[in-house]
Amino acid sequence: MPGDGLVRSAVAAGFDLWAVMRPGEPLPDAVRVERVFVAGPAAVTDGTLHSLLTGLVRRFGIGQLVCGPGAGDDVRGVVRRVRRERDGVLWRDPAAERLRDPVALRRLLRGGTLPPVRAEEALGIAQACAAVDRIGVPAVIKSRHEDGRWGGPAFVRDAESLALWAKAAVDGPHLVEELLVGPRYRVQTLSLGGMHHVVSVVREGPGAVTGVGADEVSRVRSCVRELLDLAGFAGGAMRTDAVLTPTGARIASCADGGL
């Protein structure tokens with residue numbers, strides 16, 4: 001079951017909430033749940049959970065699948081599989097795809113009013129190294145795998161780390177970006193009918209224990225909402241990483257919410 005904050009925001013946003021829960025797991029207080037399904041630990045290994053989620057998505061047009069904070073990697077793996085199958089078989093959301101794809105995200109942001117992030121697309125290792133030289137270090141390199149998915153970012157801080165990256169990298173599409181410096185925030189949102197509800201703004205990294213000030217929250221929320229509007233994202237859960245730089249809030253990356 002997703003956390004209370006996400007559940008309450010989903011209900012407030014107008015979503016009908018269906019839950020798949022562990023035996024004995026309590027429901028959040030004062031929250032209306034349309035339907036409840038129970039799946040024990042064995043449901044992951046024997047395929048029951050996958051069949052249950054797939055059936056619900058196909059039969060009732062469930063638009064969002066999210067995991068709770070206590071979900072294990074095995075459960076998250078099943079949910080990711082169902083979401084991939086849903087996107088490939090039932091429908092695709094071009095707005096969500098633009099947000100999740102690092103290159104499409106940077107192209108999208110060039111058309112907005114948010115402070116730009118210096119970034120260059122590269123078709124191979126040599127081009128990526130040249131882009132780092134132009135952008136300067138520290139920099140971030142994102143690489144796309146053969147299956148089309150983007151891997152985790154590589155942080156390049158000097159010529160030596162760039163050489164090490166080039167030695168281990170595989171030729172293919174890369175995206176080189178400047179390293180955004182400043183407090184980093186993870187923003188969870190739920191959208192319905194083009195209205196974006198901010199579920200949480202969590203500061204990460206050094207200084208995170210000091211909390212998040214009201215002014216910081218306001219600037220980060222505005223930045224994320226502008227991004228979602230720019231992408232035409234109308235409905236669903238999204239997780240956005242933003243950095244509050246000296247020149248304003250800037251978008252680092254986006255991913256599916258709840259996973």
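Just so you know, residue 1 is the first one in the sequence shown, and it goes up from there.
Taken together through direct or relayed side-chain contacts under 4.5 Å among Ile, Leu, Val, Met, Phe, Trp and Tyr, Leu175 and Ile125 form parts of separate hydrophobic clusters. In the hydrophobic clustering of ILVMFWY residues, with side-chain heavy atoms under 4.5 Å counting as a link, Val75 and Leu52 come out together. Put simply, Val132 and Trp150 are part of two different groups of oily side chains (I, L, V, M, F, W, Y) that touch within less than 4.5 Å, one to the next. A continuous path of Ile, Leu, Val, Met, Phe, Trp and Tyr side chains, each step under 4.5 Å between heavy atoms, connects Leu114 with Leu230, placing both in one hydrophobic cluster. Cluster membership check: Val217 shares its hydrophobic cluster with Val187, using side-chain heavy-atom separations under 4.5 Å among Ile, Leu, Val, Met, Phe, Trp and Tyr.
Using a 4.5 Å heavy-atom threshold, the side chains of Leu162 and Cys129 count as touching. His50 places a side-chain heavy atom less than 4.5 Å from the side chain of Val82. Side-chain contact between Leu108 and Leu99: present, with at least one pair of heavy atoms (C-beta onward) separated by less than 4.5 Å. By the 4.5 Å heavy-atom criterion applied to side chains, Val224 and Val198 are not counted as neighbours. A heavy-atom distance below 4.5 Å is found between the side chains of Arg239 and Asp241. Within the 4.5 Å cutoff, the side chain of Leu227 has no heavy atoms near those of the Cys223 side chain. Under the 4.5 Å side-chain criterion, counting only non-hydrogen atoms from C-beta, Val243 is not in contact with Tyr185. Contact of the Leu109 side chain with the Ile251 side chain is registered, since non-hydrogen atoms from C-beta on lie closer than 4.5 Å.
Panel note: side chain Thr54, backbone Ser51; no donor-acceptor pair is recorded below 3.5 Å. Remark: side-chain polar atoms of Thr189 are paired, donor with acceptor, to backbone N or O of Met238 under 3.5 angstrom. Side chain of Ser191 to backbone of Gly194: no donor-acceptor contact under 3.5 angstrom is found. For the pair Glu120 (side chain) and Ile135 (backbone), a donor-acceptor distance under 3.5 Å is absent. Between the side chain of Ser200 and the main chain of Val202, no donor-acceptor pair closer than 3.5 Å is present. Listed for the Glu178 side chain is a donor-acceptor partner under 3.5 Å among the backbone atoms of Arg118.
Taking CG of Leu180 as the start and OG of Ser253 as the end, the distance is 9.5 Å to the nearest 0.5 Å. Atoms NZ and CG, on Lys142 and Asp101 in that order, are 10.0 Å from each other to the nearest 0.5 Å. Here the CZ-CD distance, from Arg106 to Glu121, works out to 11.0 Å after rounding to the nearest 0.5 Å. If you take CG on Asp215 and OG on Ser218, they are separated by 6.5 Å, rounding to the nearest 0.5 Å. Separation of atoms CZ (Arg149) and CG (Asp147) is listed at 4.5 Å; rounding is to 0.5 Å. Arg225 CZ to Met195 CE: the interatomic distance, rounded to the nearest 0.5 Å, is 7.5 Å.
Minimum heavy-atom separation, Ala139 to Val176: CB-CG1, 4.4 Å. Closest approach of Ala252 and Leu105 over heavy atoms only: O-CD2, 4.5 Å.
Salt-bridge annotation for Arg250 and Glu177: absent, with no side-chain N of the basic residue lying under 4.0 Å from a carboxylate O of the acidic one.
In the displayed structure, Arg134 atom CZ is contacted under 6.0 Å by more than 12 heavy atoms of other residues, nucleotides or ligands.
Partners of Arg98 according to the side-chain contact (heavy atoms from CB on, under 4.5 Å) rule, which considers only residues two or more places apart in sequence or in another chain, are Pro94, Ala95, Ala104.
Ring geometry, Trp165 versus His174: the interplanar angle exceeds 60°, so the pair is classed perpendicular (tilted spans 30 to 60°).
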